[in-house]
Amino acid sequence: MVLRCGVTPVPPTTDSCMTVNGVDWVLDEKTATESAGAIRKLVTYGRIPSVEVSFTNPAQSAGDVLIRLNEAVEQIPQAGKCIGLADLD
């Protein structure tokens, strides 16, 4: 697992977004393949600076990784939230 802080914030995107204990994360769809050894990369959404985590271990659950990072990441003020189609009404 690699953790990077201060990455460029994610602009509005159609990539998958998930909220884990109040922190929004965007899955980089370009890296999310099913092939062996694929890198999965998630970046915080709505926080500046952004935090990126990438990992290759297929046994690692993204949710478990994000929950462990939550306490540190939630200290960065949130300026925006992920929205979905249901939020557009």
Side-chain angles (χ1 to χ4, degrees):
M1 176 173 59
V2 175
L3 179 68
R4 295 180 8 170
C5 298
V7 298
T8 303
V10 176
T13 180
T14 57
D15 286 347
S16 297
C17 186
M18 64 188 87
T19 301
V20 178
N21 292 344
V23 176
D24 292 338
W25 295 87
V26 174
L27 174 64
D28 183 339
E29 302 284 358
K30 293 180 286 297
T31 63
T33 64
E34 295 298 321
S35 63
I39 296 173
R40 290 179 287 165
K41 180 168 55 172
L42 295 116
V43 181
T44 55
Y45 186 82
R47 295 176 192 268
I48 301 172
S50 291
V51 175
E52 174 188 284
V53 62
S54 40
F55 48 100
T56 57
N57 184 347
Q60 274 184 314
S61 158
D64 290 344
V65 170
L66 301 181
I67 287 170
R68 286 186 277 159
L69 295 174
N70 221 38
E71 188 175 332
V73 172
E74 68 186 358
Q75 300 303 312
I76 301 168
Q78 186 164 352
K81 293 206 45 72
C82 286
I83 61 169
L85 292 175
D87 299 315
L88 298 177
D89 292 337

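Since we're looking at a predicted model, the values are computed, not measured.
No chain of hydrophobic side-chain contacts below 4.5 Å, direct or via other Ile, Leu, Val, Met, Phe, Trp or Tyr residues, connects Leu66 to Val26. Put simply, Leu3 and Leu42 are part of the same group of oily side chains (I, L, V, M, F, W, Y) that touch within less than 4.5 Å, one to the next. In terms of hydrophobic clustering, with Ile, Leu, Val, Met, Phe, Trp and Tyr side chains grouped at heavy-atom distances under 4.5 Å, Val10 and Val20 are assigned to different clusters. Note: the hydrophobic cluster containing Val51 also contains Met1 (ILVMFWY, side chain heavy atoms under 4.5 Å, direct or indirect links). In this structure, Ile67 is a member of the same hydrophobic cluster as Phe55, with clusters built from ILVMFWY side-chain heavy atoms closer than 4.5 Å.
Looking at heavy atoms from C-beta onward, Val53 lies in side-chain contact with Val65 at the 4.5 angstrom threshold. Counting only heavy atoms from C-beta outward, the side chains of Trp25 and Leu69 approach each other to under 4.5 Å.
Under the side-chain contact (heavy atoms from CB on, under 4.5 Å) criterion, Ile48 pairs with Pro9, sequence neighbours left out. Shown here are the side-chain contact (heavy atoms from CB on, under 4.5 Å) partners of Asp64, two or more places apart in sequence or in another chain: Ser61.
The heavy-atom pair separating Gly6 from Pro49 by the smallest distance is CA-CB, 3.6 Å. Val23 and Glu74 make their closest contact through CG2-CB, 4.1 Å (heavy atoms, listed as atom of the first residue, atom of the second, distance).
Other residues, nucleotides and ligands contribute only 12 or fewer heavy atoms inside 6.0 Å of the CD atom of Glu71.
Distance CG/Asp28 to CZ/Arg40: 13.0 Å, rounded to 0.5 Å.
No donor-acceptor pair under 3.5 Å is formed between the side chain of Asp24 and the backbone N or O of Gly46.
Hydrophobic cluster of Val2: no remaining members, since no ILVMFWY side chain lies below 4.5 Å from it.
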